Asks: 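This is the structure I want to talk about, given as structure tokens.
Starting from 1, each residue takes its place in the sequence as its number. Keep in mind that this is a model prediction, so the values were computed, not measured.
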Amino acid sequence: AGMKLFLQYLGCIFAFFSAGLLIISTWTDCWMVNADDSLEVSIKCRGLWWECVTNVFDGIQTCDEYDSIYAEHSVKLVLTRAMMITADILSGFGFLFLVLGLDCVKFLPDEPLIKLRICLASGVMLLLAGLPGITGSVWYAVDVYMERSSLLFHNIFLGIQYKFGWSCWLGMAGSFGCFLSGSLLTCCMYLFRETSSGRLHSAYPLRKGYSSATTVVTNAHFPSSQTATSKMYAVDTRV
């Protein structure tokens, strides 16, 4: 029981931080940052939703939102948005399900097998959340790197060249955390599932025997009517 509780808490901690990192990564503005900021007087960052410029000297930040979501955007931007939002939703629901499945939470306290299945479902959600998260962040980073490398290879200078920034790193870290917490909950909790079901099946015959014994004891209190009938029959035969 102690090992099971430890794994639940460990998976819950990883799930909480992983979901938080994915959400922060999706809604921050530094997926791309200018590569050579030592010669610049400002730091330019591009996110999935807007682009920001921060002055190095006074720290003033100016952000410009992209056009409407229905406007024409690059395939890289649109697919990364979709995958990261999917990862956010799955990881958020996975964490909430895991909280309900914890043994310390008073939710279905008399149904340990159902709570264990909730933990397993949470692990599956977290594994599924890690897949679009790592795909979107790694694909975005590789695409930025390949674009910059091709420009350098052909000696093309467009004024500003970008590399992937800390928001992209947060997306990768959150995705790996989802994989880790999901693996803990699915692989390790499955072992406890078999032991819990075995205990449930072994307790069922005891309940059945107890109920049958109660029936026998209850029936033992009813012969009073039968003795009264036999006394009346004995009186009739005497007469």
Side-chain angles (χ1 to χ4, degrees), residues 13-95 126-182:
I13 292 172
F14 278 120
F16 174 76
F17 284 105
S18 300
L21 290 177
L22 284 174
I23 293 173
I24 293 173
S25 171
T26 304
W27 301 101
T28 48
D29 57 5
C30 204
W31 280 74
M32 296 169 61
V33 62
N34 51 321
D36 192 8
D37 54 1
S38 61
L39 302 178
E40 299 287 340
V41 296
S42 60
I43 299 175
K44 301 176 180 64
C45 284
R46 287 184 180 179
L48 301 180
W49 311 97
W50 54 79
E51 179 178 355
C52 294
V53 178
T54 305
N55 193 295
V56 175
F57 300 105
D58 54 16
I60 297 177
Q61 188 180 55
T62 304
C63 296
D64 293 327
E65 292 186 7
Y66 296 151
D67 294 333
S68 171
I69 193 173
Y70 300 105
E72 293 184 2
H73 298 293
S74 62
V75 177
K76 173 184 67 177
L77 184 64
V78 173
L79 289 183
T80 306
R81 282 178 177 178
M83 286 186 283
M84 295 305 296
I85 291 175
T86 304
D88 293 345
I89 294 173
L90 289 174
S91 61
F93 277 107
F95 173 71
L126 290 168
L127 285 175
L128 293 176
L131 188 60
I134 195 66
T135 303
S137 55
V138 170
W139 179 52
Y140 192 94
V142 170
D143 188 71
V144 171
Y145 178 78
M146 293 296 294
E147 181 181 350
R148 180 169 178 263
S149 299
S150 63
L151 293 176
L152 292 176
F153 180 76
H154 293 92
N155 293 323
I156 300 175
F157 182 72
L158 298 178
I160 300 176
Q161 296 179 359
Y162 289 92
K163 62 181 179 181
F164 51 92
W166 56 268
S167 296
C168 195
W169 286 108
L170 289 183
M172 296 181 195
S175 302
F176 279 117
C178 285
F179 281 128
L180 185 58
S181 58

Asks: Side-chain contact, heavy-atom cut-off 4.5 Å: Tyr140 with Met84?
Replies: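 They are not in side-chain contact.
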
Asks: Run the side-chain hydrogen bond (donor to acceptor under 3.5 Å, both in side chains) test against Thr135 and tell me which residues pass, sequence neighbours left out.
Replies: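 With neighbours one apart ignored, the set is empty.
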
Asks: Report the residues that fulfil side chain to side chain contact (heavy atoms under 4.5 Å, CB included) with Cys30, sequence neighbours left out, ordered by chain and then residue number.
Replies: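 Expected list: Val33, Cys45, Trp166, Ser167.
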
Asks: Kindly give the heavy-atom pair with the smallest separation between Trp31 and Gly47, and that separation in Å.
Replies: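 That would be CD1-CA, 4.0 Å.
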
Asks: So how far is it from Ile23 CD1 to Ile89 CD1, rounded to the nearest 0.5 Å?
Replies: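 Going from the CD1 atom of Ile23 to the CD1 atom of Ile89 covers 10.0 Å.
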
Asks: Go through the structure and list residues passing ring pair (Phe, Tyr, Trp, His ring centres under 6.0 Å) with Trp27, not counting sequence neighbours.
Replies: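 Applying ring pair (Phe, Tyr, Trp, His ring centres under 6.0 Å) to Trp27 gives Trp49.
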
Asks: Distance check, rounded to the nearest 0.5 Å: Gln61 atom CD versus Asn55 atom CG?
Replies: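 It comes to 11.0 Å.
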
Asks: Of all residues at least two apart in sequence or in a different chain, which pass the salt bridge (Lys or Arg N to Asp or Glu O under 4.0 Å) check with Asp143?
Replies: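 Here the qualifying residues are Lys76.
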
Asks: Sequence neighbours left out, what pairs pass salt bridge (Lys or Arg N to Asp or Glu O under 4.0 Å) with at least one residue falling in residues 164-177?
Replies: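 Qualifying pairs: none.
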
Asks: How would you list, by chain and number, every residue that makes a side chain to side chain contact (heavy atoms under 4.5 Å, CB included) with Leu180, sequence neighbours excluded?
Replies: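 Phe14.
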
Asks: Verify, without hydrogens or angle tests, whether Ser25 (side chain) and Leu21 (backbone) share a donor-acceptor contact under 3.5 angstrom.
Replies: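 Judged by distance alone, no pair lies under 3.5 Å.
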
Asks: With sequence neighbours excluded, what pairs up with Trp169 under the side chain to side chain contact (heavy atoms under 4.5 Å, CB included) test?
Replies: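 Applying side chain to side chain contact (heavy atoms under 4.5 Å, CB included) to Trp169 gives Phe164, Met172.
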
Asks: Compare every heavy atom of Leu131 with every heavy atom of Phe179, then report the nearest pair and how far apart it is.
Replies: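 Shortest heavy-atom contact: CZ-N, 3.6 Å.
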
Asks: With Asp29, which residues qualify under side-chain hydrogen bond (donor to acceptor under 3.5 Å, both in side chains), at least two apart?
Replies: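 So Asp29 forms no side-chain hydrogen bond (donor to acceptor under 3.5 Å, both in side chains) with any residue.
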
Asks: For the residue pair Leu22 and Cys178, what are the closest heavy atoms and their distance?
Replies: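 In terms of heavy atoms, the two residues are closest at CD1-SG, 3.7 Å.
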
Asks: Considering non-hydrogen atoms only, spot the tightest contact between Ser137 and Cys168 and give its length.
Replies: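 The answer is O-SG, 3.2 Å.
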
Asks: Using the test side-chain hydrogen bond (donor to acceptor under 3.5 Å, both in side chains), find all partners of Thr80 that sit at least two apart in sequence or belong to another chain.
Replies: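 If we apply the side-chain hydrogen bond (donor to acceptor under 3.5 Å, both in side chains) test to Thr80, skipping adjacent residues, there are no hits.
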
Asks: What is the minimum heavy-atom distance between Trp139 and Leu79, and which atoms define it?
Replies: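 Heavy atoms only, the tightest pair is CZ3-CB, 3.6 Å.
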
Asks: Do you know the tightest heavy-atom contact between Leu48 and Thr26?
Replies: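 Smallest heavy-atom distance, with atoms named: CD1-O, 4.0 Å.
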
Asks: Quick one: pull up CE in Met83 and CD1 in Ile134 and give me the separation to the nearest 0.5 Å.
Replies: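 Taking CE in Met83 and CD1 in Ile134, the distance rounds to 11.0 Å.
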
Asks: For Ser18 and Ser91: C-alpha separation, side-chain torsions, deciding distance, then whether side-chain contact (heavy atoms from CB on, under 4.5 Å) applies.
Replies: CA-CA 8 Å; Ser18 300; Ser91 61; over 6 Å; no

Asks: Checking Ala15 now: which residues fulfil side chain to side chain contact (heavy atoms under 4.5 Å, CB included) with it, not counting sequence neighbours?
Replies: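 Listed in chain order: Phe95, Leu98, Leu126, Ser181.
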
